[in-house]
Amino acid sequence: MTANCSKKIVCFIFIVLMMTVLTGCMDEVKNMPINDVDFSEIEDGEYIGEYKTTLVSAKVKVTIEDHKIIKIEILEHDNGRGKKAEKIIETVIEEQTLSVDVISGATASSKVILKAIEKSLLKNK
């Protein structure tokens with residue numbers, strides 16, 4: 001076997017492995033449930049939560065006042081190309097629910113941000 005052929009085989013194996021990892025990561029996010037939160041049960045205050053997947057992570061600070069979300073700050077967002085997902089916080093505040101549509105083209109980041117918000121509020125109930 002020539003050196004060029006060996007390089008092609010190694011490259012092919014690497015590509016197959018990367019595709020397998022990426023497919024698994026997308027399944028992880030695709031199947032991730034986002035539970036809505038009953039804000040009437042959440043006391044006023046600031047709540048920090050984070051969520052991590054293999055490729056995307058987010059840390060948020062959620063401010064509750066009079067049982068409503070008045071502010072969401074993204075403290076950290078390791079997102080690859082999903083920066084535009086950060087706009088989802090505007091929709092969450094406007095609609096006062098986590099049951100919102102994800103940002104097209106940034107599905108993984110959108111869901112991870114929503115999950116971080118959920119975790120911040122549910123862990124502090």
Side-chain angles (χ1 to χ4, degrees):
M1 188 178 323
T2 66
N4 193 25
C5 185
S6 295
K7 287 180 183 178
K8 286 180 181 179
I9 291 171
V10 169
C11 188
F12 176 76
I13 291 171
F14 178 75
I15 290 171
V16 169
L17 287 173
M18 289 306 296
M19 294 299 292
T20 303
V21 168
L22 290 174
T23 301
C25 294
M26 289 311 296
D27 286 345
E28 174 185 16
V29 172
K30 180 178 148 186
N31 298 321
M32 176 193 332
I34 306 296
N35 300 301
D36 213 359
V37 176
D38 182 356
F39 299 128
S40 69
E41 296 180 3
I42 309 295
E43 296 295 322
D44 289 357
E46 293 181 337
Y47 302 92
I48 294 178
E50 59 187 306
Y51 194 77
K52 296 179 182 195
T53 66
T54 306
L55 297 177
V56 180
S57 65
K59 184 176 183 179
V60 298
K61 179 166 69 170
V62 181
T63 304
I64 301 288
E65 193 172 286
D66 295 324
H67 303 288
K68 292 182 180 176
I69 295 178
I70 62 162
K71 185 177 182 182
I72 302 170
E73 292 177 67
I74 296 181
L75 304 175
E76 297 172 19
H77 184 204
D78 184 11
N79 57 52
R81 297 184 307 174
K83 179 87 171 145
K84 66 182 178 177
E86 294 178 4
K87 289 184 176 190
I88 201 164
I89 63 173
E90 297 168 14
T91 307
V92 170
I93 294 169
E94 181 179 305
E95 296 185 18
Q96 291 296 304
T97 182
L98 299 181
S99 297
V100 298
D101 291 335
V102 297
I103 305 298
S104 179
T107 301
S109 285
S110 297
K111 290 189 84 172
V112 167
I113 290 168
L114 290 171
K115 196 68 172 177
I117 295 167
E118 172 197 321
K119 290 180 106 13
S120 75
L121 299 174
L122 291 180
K123 77 177 183 184
N124 293 295
K125 274 178 60 174

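Scored by the side-chain hydrogen bond (donor to acceptor under 3.5 Å, both in side chains) test, Thr63 finds no partners at all (sequence neighbours excluded). Partners of Ser104 under the side-chain hydrogen bond (donor to acceptor under 3.5 Å, both in side chains) rule, at least two apart in sequence or in another chain, do not exist in this structure. Legend: residues meeting side-chain hydrogen bond (donor to acceptor under 3.5 Å, both in side chains) with Lys68, ordered by chain and number and at least two apart, are absent. Looking at residues two or more places apart in sequence or on another chain, you find a side-chain hydrogen bond (donor to acceptor under 3.5 Å, both in side chains) between Asn35 and Glu118. With sequence neighbours left out, Ala58 forms a side chain to side chain contact (heavy atoms under 4.5 Å, CB included) with His77, Val112, Ile113, Ala116. Applying the side chain to side chain contact (heavy atoms under 4.5 Å, CB included) rule to Val102 yields the partners Thr107, Ser110, Lys111; only residues at least two apart in sequence or on another chain are considered.
Here Lys115 contributes atom NZ and Leu122 contributes atom CG; the two are 8.0 Å apart, rounded to the nearest 0.5 Å. From Tyr51, atom OH reaches atom NZ of Lys119 across 7.0 Å, with rounding to the nearest 0.5 Å. Rounding to the nearest 0.5 Å places CG of Leu75 at 10.0 Å from OG of Ser120.
Residues Val60 and Met32 share a single hydrophobic cluster, defined by chaining ILVMFWY side chains whose heavy atoms lie under 4.5 Å apart.
Within the structure, salt bridge (Lys or Arg N to Asp or Glu O under 4.0 Å) contacts touching residues 55-67 (residues at least two apart or in different chains) are Glu46-Lys61, Lys61-Glu73.
Considering all non-hydrogen atoms of both residues, Val56 and Ala108 come closest at CG2-CB, 4.1 Å.
Checked against Ile88 for a side chain to side chain contact (heavy atoms under 4.5 Å, CB included), the options Ile117, Ile72, Asp101, Leu114 give a single hit: Leu114.
Residues Ile42 and Val37 are in side-chain contact: their nearest non-hydrogen atoms beyond the backbone lie under 4.5 Å apart. For the pair Lys52 and Asp78, the minimum side-chain heavy-atom distance is 4.5 Å or more.
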Self-check item: Ile64 vs Leu121, side chain to side chain contact (heavy atoms under 4.5 Å, CB included): CA-CA, chis, key distance, verdict
Solution: CA-CA 9 Å; Ile64 301 288; Leu121 299 174; 3.9 Å; yes

May I have the list of side-chain donor-acceptor pairs in residues 89-99 shorter than 3.5 Å, sequence neighbours left out?
{"residue": "Gln96", "atom": "OE1", "partner": "Ile69", "partner atom": "N", "Å": "2.9"}
{"residue": "Gln96", "atom": "NE2", "partner": "Ile69", "partner atom": "O", "Å": "2.8"}
{"residue": "Gln96", "atom": "NE2", "partner": "Ile93", "partner atom": "O", "Å": "2.7"}
{"residue": "Thr97", "atom": "OG1", "partner": "Asp36", "partner atom": "OD1", "Å": "3.1"}
{"residue": "Thr97", "atom": "OG1", "partner": "Asp36", "partner atom": "OD2", "Å": "2.7"}
{"residue": "Thr97", "atom": "OG1", "partner": "Ser99", "partner atom": "N", "Å": "3.1"}

